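Structure first, commentary second.
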Amino acid sequence: MRNAALMSGIFAVVALGNAYPAVGQGVPPTAAPQERRTPIDAWLSTPDTIHLSVEQRKSVEDLKARFRSEFKQLRGEDEVAVVLQAKALHEKYQKLVRELLTPQQRPAFDRNVRRVG
């Protein structure tokens with residue numbers, strides 16, 4: 001049972017790192033097309049697109065850069081520990097992004113987070 005949970009967690013981390021909607025499918029233009037998408041992009045666009053102000057967009061870009069940097073540092077021989085670190089990183093950035101949003105934007109963000117993970 002533990003192996004199944006571990007594999008499920010690893011799959012979730014891999015999926016979050018790779019499976020985001022392409023530009024043109026309702027994704028707000030917060031990243032250049034050549035950049036790898038982050039969970040932050042998905043939280044702001046799947047299934048509901050959250051339109052950001054210019055100021056919010058700049059803050060989100062800063063958070064995405066920090067997220068990428070921290071995510072790249074997740075290493076270890078213990079896969080369970082890496083999955084737990086990735087989960088903690090996602091939770092940290094969910095809170096940081098949510099704080100940037102207006103009260104009117106937060107319900108859509110919360111729905112997106114529940115849907116994407």
Side-chain angles (χ1 to χ4, degrees):
M1 184 55 105
R2 181 172 180 207
N3 284 342
L6 172 62
M7 292 308 293
S8 175
I10 290 171
F11 177 75
V13 170
V14 170
L16 285 172
N18 295 320
Y20 292 105
V23 173
Q25 295 180 344
V27 178
T30 60
Q34 70 274 12
E35 290 182 8
R36 180 173 214 132
R37 304 201 52 84
T38 68
I40 295 171
D41 295 305
W43 300 332
L44 292 172
S45 64
T46 308
D48 299 323
T49 299
I50 299 170
H51 299 283
L52 304 174
S53 69
V54 173
E55 189 174 302
Q56 286 174 317
R57 219 174 269 230
K58 288 178 185 175
S59 297
V60 165
E61 288 302 320
D62 291 342
L63 287 177
K64 285 170 38 177
R66 287 175 36 201
F67 176 87
R68 281 188 194 100
S69 175
E70 289 185 46
F71 194 79
K72 286 178 186 176
Q73 295 174 13
L74 297 181
R75 301 276 188 262
E77 293 182 26
D78 181 5
E79 294 173 348
V80 173
V82 173
V83 169
L84 294 174
Q85 291 171 7
K87 184 176 189 297
L89 189 64
H90 285 154
E91 290 171 355
K92 171 185 172 181
Y93 279 89
Q94 285 171 3
K95 290 177 186 174
L96 291 172
V97 172
R98 192 174 193 282
E99 289 173 2
L100 295 174
L101 302 176
T102 65
Q104 294 80 17
Q105 293 169 319
R106 289 178 182 159
F109 179 78
D110 294 340
R111 280 191 303 275
N112 290 355
V113 167
R114 281 192 302 274
R115 174 123 188 243
V116 174

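It should be emphasised that the depicted structure is a prediction, and the values quoted were computed from it without experimental measurement.
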Practice task
Mind telling me whether His90 and Phe71 have parallel, tilted or perpendicular rings, with 30° and 60° as the class edges?
Solution key: parallel

Exercise for the section: Kindly write out the residues that satisfy salt bridge (charged side-chain N to carboxylate O under 4.0 Å, His left out) with Arg106, not counting sequence neighbours, or none if the list is empty. Expected result: none

Handout entry: Partner set under salt bridge (charged side-chain N to carboxylate O under 4.0 Å, His left out) for Lys92, not counting sequence neighbours
Key = Glu70

Practice task
First locate atom OG1 of Thr49, then atom CG of Asn112, and finally report the distance between them rounded to the nearest 0.5 Å.
Solution key: 8.0 Å

Completion exercise
Those residues at least two apart in sequence (or on a different chain) that pass salt bridge (charged side-chain N to carboxylate O under 4.0 Å, His left out) with Asp62 are none

Completion exercise
Taken in chain and number order and not counting sequence neighbours, the residues that satisfy salt bridge (charged side-chain N to carboxylate O under 4.0 Å, His left out) with Arg66 are none

Problem - Closest heavy-atom pair and its distance - Leu52, Arg57 - result: O-NH2, 3.6 Å

Problem - Side chains of Thr46 and Asp41 in contact at under 4.5 Å (non-hydrogen atoms) - result: no

Handout entry: Ion pair Asp48/Arg115, N-O distance below 4.0 Å
Key = no

Problem - Distance, nearest 0.5 Å, that separates CD of Gln105 from OG of Ser53 - result: 7.5 Å

Practice task
Identify whether the distance between the nearest side-chain nitrogen and carboxylate oxygen of Glu91 and Lys95 falls below 4.0 Å.
Solution key: no

Practice task
State which residues pass side-chain contact (heavy atoms from CB on, under 4.5 Å) with Pro107; sequence neighbours excluded, sorted by chain then number.
Solution key: Arg111

Handout entry: Gap separating the CG atom of Leu63 from the CZ atom of Arg68, nearest 0.5 angstrom
Key = 11.0 Å

Fill in the blank from the handout: The reported gap from CG in Leu96 to CD1 in Ile40 (rounded to nearest 0.5 angstrom) is 8.0 Å

Handout entry: Qualifying ring-ring contact (aromatic ring centres under 6.0 Å, His included) pairs with a residue from residues 91-115, counting only residues at least two apart or across chains
Key = Phe67-Tyr93

Handout entry: From His51 atom NE2 to Ser45 atom OG, the distance as rounded to the nearest 0.5 Å
Key = 10.5 Å

Handout entry: Among Val97, Val60, Leu44, the one residue meeting side chain to side chain contact (heavy atoms under 4.5 Å, CB included) with Ile50
Key = Leu44

Exercise for the section: Please name the pair of heavy atoms, one in Gln56 and one in Leu100, separated by the smallest distance, quoted to 0.1 Å. Expected result: NE2-O, 3.1 Å

